[in-house]
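Comments concern the structure below.
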Number of protein chains: 2
Amino acid sequence: MINSYSSADKVLLAVDCIIFGFDHQGLKILLIKRDFEPERGKWSLIGGFLKRDEILDDAAIRILNTYTGLHDIYMEQLHAYSEIDRDPVDRTISVSYYALINIENHNEELIKNYHAEWFSIADAPNLIFDHNEMVQHAIRRLRYRTSIKPIGFELLPEKFTMRQLLELYEAILSKELDKRNFISKINSLEILNKLDEKDMQSSRKGSYLYTFNKEKYEEKLLNDFVLNL
Amino acid sequence: MINSYSSADKVLLAVDCIIFGFDHQGLKILLIKRDFEPERGKWSLIGGFLKRDEILDDAAIRILNTYTGLHDIYMEQLHAYSEIDRDPVDRTISVSYYALINIENHNEELIKNYHAEWFSIADAPNLIFDHNEMVQHAIRRLRYRTSIKPIGFELLPEKFTMRQLLELYEAILSKELDKRNFISKINSLEILNKLDEKDMQSSRKGSYLYTFNKEKYEEKLLNDFVLNL
DNA sequence: TTAGTAAGTGTTAAATCAACATTAATAAAA
DNA sequence: TTTTATTAATGTTGATTTAACACTTACTAA
């Protein structure tokens, strides 16, 4: 009988988070050095087990909060991984989530205590289980997301320069973009506020700072568009 | 301790399949009238439980085969659903898959025995649990898929007319398409073989039959493109 | 005052898209 | 055999979008 609750096998359900951040060095992910078995001492994604009274989205939020201290983070479910021996201890199915966070906002204390660390995508260490695959999958998804929704609000500081935004897009898409075309395409979305203030760090001339127009940004988040960069 | 296997709760893991078919009436899904509790007698997606020695993809294949007799079907994982009481019997997380099948190829015997039936998307009955949501989600995904990969090979008979292909796209995207523009865009993909044979059912003039060029089709499946219809 | 550096800014040719109507082929009916 | 009815097949054009490209400006520090 195909549909029998009694004969069905129960499994552990884990949640693993691919946490993306962005700084002057590019796109990064937050990894943790495991101090528990199995694979103690190796690097892995941040994860945990689903609780009986919890939905997956909440488990992802809880896990992210535990390790970073952050609330109200943009997260999206990605995929369920179910290879039989993906976790050697017990049959565990893992549902991956990716999160976008502002790298400056996390709780450094917490991160240190958990032996977590930011790695540039390019030189991240090898990860346990199928976590490398999860990361690759998440990058593909992030790239896709970038083509149909605005991005940056979650990853950039409140005030940022056009160059920072450009470099964020270049990091995600991993290709060079034409500065002038980029600016006019971004401007056509009408999601930015240009401030009167300049950032004087990067050049003698100084570059104007921008913020996101939260209302318009969120409207665009809901209604997908096509952004050809 | 956040990472403790012993204290973690195990759950049932189900797989539910949104099975799409296409015929002269449009896009359809295969539903089953449950003859087991809970919700006996109501309509639901075709589903089952994950077995201990099975990965999710294989469970989906097994379930689809059980109800339709079909092998080698295009399937894709969609999403994991985890609301606490989504299944009233026991805590069950369900991973949905969508499948594309040629509606003429299924095993009618099997389908009848299981009280399964094809419904047009538009007038499908209300479904149990969160299955309505799963269907909506699957339609959105199918629509997206259609914009970046070729479609039709899985859903149409081996030989088909340009009109059938057009109507398939119209059904999926639920909008009318310009025939001439559609044809030239499809032709530019170079995935069709035009046969010397005509289908005389639909008109006095008769319309040319096409087949998919399997190699080129599969190449396009791998390398996403943008198809603006 | 000068030199150096990154910021800021528009134009154009090429490609793509969207809108649109007439002729062709055939079978059935007269 | 001719006419009629029906759907299939086919290209052009103006509008829009995209991609490529280089010089001037503003400011600081020497």
Side-chain angles (χ1 to χ4, degrees), chain A residues 23-26 146-148 150 152 156-157 159-171 173-211 220 224-229, chain B residues 23-26 146-148 150 152 156-157 159-171 173-211 220 224-229:
Chain A
D23 68 12
H24 55 282
Q25 291 171 65
T146 300
S147 72
I148 57 160
L156 292 172
K159 298 175 182 181
F160 54 90
T161 63
M162 203 47 103
R163 166 168 292 263
Q164 280 177 288
L165 188 61
L166 171 68
E167 284 174 354
L168 170 61
Y169 273 86
E170 289 184 329
L173 302 175
S174 62
K175 67 172 176 188
E176 282 200 5
L177 299 174
D178 179 277
K179 183 173 48 153
R180 278 174 291 184
N181 292 338
F182 176 80
I183 291 172
S184 53
K185 282 171 184 174
I186 290 293
N187 280 334
S188 74
L189 296 178
E190 301 187 306
I191 52 174
L192 297 185
N193 301 317
K194 186 174 190 171
L195 306 181
D196 282 333
E197 206 180 337
K198 281 189 164 186
D199 169 75
M200 303 305 293
Q201 306 301 110
S202 57
S203 76
R204 306 223 160 116
K205 182 176 178 182
S207 57
Y208 283 105
L209 287 165
Y210 292 80
T211 58
K220 296 273 179 188
D224 295 354
F225 52 86
V226 178
L227 184 59
N228 243 330
L229 292 170
Chain B
D23 67 14
H24 55 283
Q25 292 171 66
T146 299
S147 73
I148 57 160
L156 292 173
K159 297 176 182 182
F160 54 91
T161 64
M162 205 43 106
R163 167 167 292 262
Q164 280 176 287
L165 188 61
L166 172 68
E167 284 173 355
L168 171 62
Y169 273 86
E170 288 185 329
L173 302 174
S174 63
K175 67 173 178 191
E176 282 199 4
L177 299 174
D178 180 278
K179 185 173 44 154
R180 278 175 290 185
N181 292 337
F182 175 79
I183 292 172
S184 54
K185 281 171 185 176
I186 290 294
N187 281 333
S188 74
L189 295 180
E190 302 187 304
I191 53 174
L192 297 186
N193 301 318
K194 187 175 190 170
L195 306 181
D196 281 333
E197 205 180 338
K198 280 189 166 187
D199 169 76
M200 302 307 293
Q201 306 301 110
S202 57
S203 77
R204 305 219 162 118
K205 182 176 177 181
S207 57
Y208 283 106
L209 288 165
Y210 291 81
T211 57
K220 296 273 178 188
D224 296 353
F225 53 85
V226 178
L227 184 57
N228 242 333
L229 292 170

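Every chain is numbered from 1, with letters handed out A, B, ... down the list of sequences.
- Put simply, CG on A/N181 is 15 Å from P on C/dT9, counting in whole angstrom units.
- The nearest whole Å value for the distance from the CG atom in A/N187 to the C1' atom in C/dT9 is 11 Å.
- Here the closest heavy-atom approach between residue A/K220 and residue A/L189 is recorded as CE-O, 3.3 Å.
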| request: Could you walk me through whether A/T161 and A/D199 pass side-chain hydrogen bond (donor to acceptor under 3.5 Å, both in side chains), step by step? | output: CA-CA 7 Å; A/T161 63; A/D199 169 75; 5.6 Å; no
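- Take the nearest nucleotide of DNA chain C for B/G206 and for B/N228: the residue whose nucleotide is more 5' is B/N228.
- Between B/R163 and the phosphate of D/dT7, there is no side-chain N or O to OP1/OP2 separation shorter than 4.0 Å.
- Contact annotation: side chain of B/R180 to base of C/dA18, donor-acceptor pair absent below 3.5 Å.
- In this structure, B/Q164 atom CD and D/dA8 atom P are separated by 11 Å, rounded to whole Å.
- Atom pair B/L166:CG and D/dT7:C1' shows a separation of 13 Å (rounding to whole Å applied).
- The main-chain N or O of A/R180 is found under 3.5 Å from a side-chain atom of A/S184 such that the two form a donor-acceptor pair.
- Between A/E176 atom CD and D/dA20 atom C1' there is a gap of 14 Å when expressed in whole angstrom units.
- Among the nucleotides C/dG4, D/dT18, C/dA25, the one closest to any side-chain atom of A/K185 is D/dT18.
- Between A/F182 atom CZ and C/dA7 atom P the separation is 13 Å, expressed in whole Å.
- Rounded to a whole Å, the OH atom of B/Y210 is 10 Å from the C1' atom of D/dA8.
- A salt bridge between B/K175 and B/E170 is absent, with no side-chain N of the basic residue lying under 4.0 Å from a carboxylate O of the acidic one.
- With A/K194 contributing its side chain and A/Y208 its backbone, the two residues share no donor-acceptor pair below 3.5 Å.
- Nucleotide C/dA7 holds its P atom 12 Å from the CE atom of A/M162, rounded to whole Å.
- Mapped onto DNA chain C by nearest heavy atom, A/K194 and B/K179 fall at different nucleotides, with A/K194 at the one closer to the 5' end.
- For a distance-only test at 3.5 Å, the side chain of B/K205 qualifies as a donor-acceptor partner of the base of C/dA24.
- With D/dA8, C/dC20, D/dT28 as the candidates, the nucleotide lying closest to the side chain of B/D178 is C/dC20.
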